[in-house]
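These notes are about the structure you will find just below.
Letters A, B, ... mirror the listed sequences (proteins, then strands); counts begin at 1.
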2 protein chains.
Amino acid sequence: MSARQVADAVNAARLLESIEALAAFGARDDGGVDRPALGERDIEARRFLIDRARALGCSVHVDACANLFFCREGDAALAPVMTGSHIDTQPAGGKLDGCYGVLAGFEVLAALNDANVPTRRPLEVAIWTNEEGTRFSPGAMGSSAFVEPSRMARYAHVQDAEGTTLSAALQRHVSAFPELPPRAQQDAAHAFVELHIEQGPQLEKAEVPLAVVSGIQGVRWYAFHVQGIAAHAGTTPMPLRRDAMTLAIALHRELDAIAHELGRADTRVTFGRWNIAPNSINTIPSAVSFTVDFRHPDARVLGAFDEHAQAIAQSHGARIEALFAHAPVAFNPSVLSRIDEACRALDTRALHLTSGAFHDAMYLAKHCPSGMIFVPSIDGISHNPAEATDAGHLVLGARALAHCLTTLCND
Amino acid sequence: MSARQVADAVNAARLLESIEALAAFGARDDGGVDRPALGERDIEARRFLIDRARALGCSVHVDACANLFFCREGDAALAPVMTGSHIDTQPAGGKLDGCYGVLAGFEVLAALNDANVPTRRPLEVAIWTNEEGTRFSPGAMGSSAFVEPSRMARYAHVQDAEGTTLSAALQRHVSAFPELPPRAQQDAAHAFVELHIEQGPQLEKAEVPLAVVSGIQGVRWYAFHVQGIAAHAGTTPMPLRRDAMTLAIALHRELDAIAHELGRADTRVTFGRWNIAPNSINTIPSAVSFTVDFRHPDARVLGAFDEHAQAIAQSHGARIEALFAHAPVAFNPSVLSRIDEACRALDTRALHLTSGAFHDAMYLAKHCPSGMIFVPSIDGISHNPAEATDAGHLVLGARALAHCLTTLCND
């Protein structure tokens, strides 16, 4: 079996070295990485990977959102199998989030070469631009624009904190790599598989080294705005108060209860941002705003939460503001079965998980049959310089990726 | 009865005009007043009142904390009866907080003159420096230093937001009024009566025009610090979270319940200031701090709350920080009976209330028999340009003050 050959050709030392090499671009003193999308360090990192891809004999193309595509040709003129992720990081990010998926893709290209295995379809490794969304908002700009090019008109005007538009940053990227031939967005793909760290604690708790990611939770982001009346903490009897924080906490209790009742074990609910006015020790709060991040894999549960959230806001005289919503994504069963097959071939246990975080694969799933593989995150930590995964797990993830990509490339 | 004669000599127009005249010093465009303690506008306002006092035939003295004393002599060489309050304001303050008590004292001086009523004891109107505590912290510096002069050594070094020390501001006051003879702090006084707006809604709700203030609530200020673990809102299952806001809200619930259980109808509890980190919509809160302002007239209840607060913090692994405490003050029954007597003489209903706010009388009560009178605040509003009291109530309060001061001056 050629798939097993390629998996066995994955070179652990080369993969781990490449993670350290890429982390040098934007390295922080604390061991983390700070590499904003399309900034100088990102462009240097891209140049480093372009050179590596050329050394592997791959072609390199770029699309209108600065997504890069590193292609190892196939024997037939068929739509490629794609893999990859992103290499931009959080301001205090780690070495693995995104980068691991890109570098494991490179390792598969190298393993195919080393094993001297030709494939029927081309294999493309993609770097999707600005997944984190910390320089330009929203995140996953590159992958979403690849799938829906009409988004580019809106994204072009987005500015970073210093007033630079995405459009200007893309122009700078063109100037840095004037020789790269263009690739059309929305080009057909046979499949997309993204390998990523879990960024959560479930694999570690279960002591299982891999996850077949069956989908991505849907999400609702709301802000609740509660109006009270500021008054003197000493002189205002309790029955005469309208304390915005007391009201907000009553809302919190109801929202938290309904979130758990509706979503049961799959509920993820977070009340993360609070603004209290006037925020003074001896003044009754006059206004409180707080956010709710509710996630669930079932669209019906998300819909039911929407209705309850509206009703709870209304019953308390609070204003509810919908900030963001995304439907749950179910990955393609046929792609997932190829990942399962890879795990069996490598004699590896795998959990079936729903991703709690967003990934580029969330958008690619609208474009072509897609799936994801997770490796464990130590202590579930991510978006943090301390982000880490056991070397053995990193290598195993790359081997599973190699196996299923090779299988898909021979469809 | 001379007391009734003096109350009848209170001149409504003159009192109301003086409130407007004093409000001109530091007038805000929105009708409020901004007059920081010992600032230029405060010094101009003091000059205006010194001139008025002299026109009334009063002597003027100043002590080491720039407290001013306007004295109408008595027939006997006895300790004076004192009244007064403060004329510094909140940055967006009103025309009445403090000023009303000082100007009503001036009106009593004028009424005594108009009625040609001599008194056995001297009557002194005091302006206590920096009651609000917004320029120099803490508040009630003048009255507390008068009662405990040893405080001056500590207060002298306190700086305002621009780095000016109280010591330098006091020196400027000396330069502004070099001719004023000094008055010793801690000088004996026969009694102190402070007339003030309620700054709360109780008189208005009860439709009663005056309150005999039986004391001032004690207070405890605490900060609670709760530590959680920041993690991804999407990837971290609920049972594996340590969400600092969830913990803080559990603490809030227990503290709120015990505050009401211990203090019953007299409880005032406010959770006014909250700081949440990282305060991000999709990150589980890692740290929350919040304050508790608990007030009660009974020292035993305050003590019991202290113990429960410690125990609750400990049971949740939270850190508790004591920020401020003041014991309840009970005013002097004999002074209060003179205020009751004044209300009866003026055929006026009066409520017996405990003050929820601090006042200079809180410190004077340690020095001499003291009491307070409240008039209603419209909608309970204070520390606000909209602060207001019906003119009829303002006049009635000044008449009650005139009555009880005259009685006390003839002890």
Side-chain angles (χ1 to χ4, degrees), chain A residues 198-202 205 216-217 219 221 223 229-241 243 245-246 249 252-253 256 260 265-276 278-285 288 290-293 295 323-324 355-358 377 380-384, chain B residues 198-202 205 216-217 219 221 223 230-241 243 245-246 249 252-253 256 260 265-276 278-285 288 290-293 295 323-324 355-358 377 379-384:
Chain A
E198 182 197 336
Q199 305 184 275
Q202 297 195 82
K205 294 281 169 194
I216 297 184
Q217 293 177 141
V219 67
W221 282 358
I229 297 171
H232 194 298
T235 60
T236 316
M238 303 309 290
L240 301 180
R241 297 181 177 206
D243 181 325
M245 194 63 191
T246 302
I249 287 176
H252 168 276
R253 183 187 303 193
D256 192 53
H260 284 87
D266 286 333
T267 285
R268 308 266 162 95
V269 64
T270 307
F271 301 80
R273 193 167 70 205
W274 294 74
N275 289 300
I276 291 91
N279 216 29
S280 151
I281 191 166
N282 57 346
T283 304
I284 296 165
V288 174
F290 66 91
T291 58
V292 182
D293 173 318
R295 307 201 192 196
L323 298 176
F324 177 68
S355 172
F358 306 149
S377 290
I381 293 171
S382 183
H383 287 191
N384 191 307
Chain B
E198 183 197 335
Q199 305 183 275
Q202 297 195 81
K205 294 282 168 191
I216 297 183
Q217 293 176 142
V219 67
W221 282 0
H232 194 297
T235 60
T236 316
M238 304 308 290
L240 300 181
R241 297 182 176 206
D243 181 326
M245 194 62 188
T246 301
I249 287 176
H252 168 277
R253 182 188 301 192
D256 192 52
H260 284 87
D266 286 333
T267 285
R268 308 266 162 93
V269 64
T270 307
F271 301 80
R273 194 167 70 203
W274 294 73
N275 289 301
I276 290 90
N279 215 31
S280 153
I281 192 167
N282 57 347
T283 305
I284 296 165
V288 174
F290 66 90
T291 58
V292 182
D293 173 318
R295 307 202 192 196
L323 298 176
F324 178 69
S355 172
F358 305 147
S377 289
D379 293 333
I381 293 171
S382 184
H383 286 190
N384 191 306

Using non-hydrogen atoms only, which part of [X] is less than 4.5 Å away from chain A: side chain, backbone, both, or neither?
X: B:I381; answer: neither
X: B:Q217; answer: side chain
X: B:A231; answer: neither
X: B:N275; answer: side chain

TODO: Examine whether an atom of A:P285 lies under 4.5 Å from a heavy atom of chain B, and if so say whether it belongs to the side chain, the backbone or both; otherwise answer neither.
DONE: side chain
Task: Engaged part of A:I281 at the chain B interface, taking heavy atoms whose separation is under 4.5 Å - done: both
TODO: Taking all heavy atoms of B:P201 and all of A:T235, pick out the closest pair and write down the distance.
DONE: CD-O, 3.6 Å
Task: Distance-minimising heavy-atom pair for B:H232 and A:Q199 - done: CB-O, 4.2 Å
Task: Distance in Å, B:N282 CG paired with A:T291 OG1, rounded so as to fall on 0.5 Å steps - done: 8.5 Å
Open item on the list: Once rounded to the nearest 0.5 Å, what's the spacing between atom CD of B:Q202 and atom CG of A:L240?
Closed with: 7.0 Å
Open item on the list: Tell me whether A:R268 contacts the main-chain N or O of B:G234 through its side chain, where contact means a donor paired with an acceptor under 3.5 Å.
Closed with: yes
Task: Partner of B:T270 under side-chain contact (heavy atoms from CB on, under 4.5 Å), chosen from A:I284, A:T283, A:T246 - done: A:I284
Task: Passing option when B:I276 is tested against A:F271, A:W274, A:F290 for side-chain contact (heavy atoms from CB on, under 4.5 Å) - done: A:W274
Interface residue of largest heavy-atom contact number with chain B, from [options], under 4.5 Å:
options: A:H260, A:K205, A:H383, A:M238; result: A:M238
options: A:S355, A:P237, A:A223, A:P239; result: A:P237
options: A:T267, A:V269, A:V219, A:V288; result: A:V269

- [ ] Determine whether B:M245 and A:H252 make a side-chain contact, defined as any pair of heavy atoms from C-beta on separated by less than 4.5 Å.
- [x] no
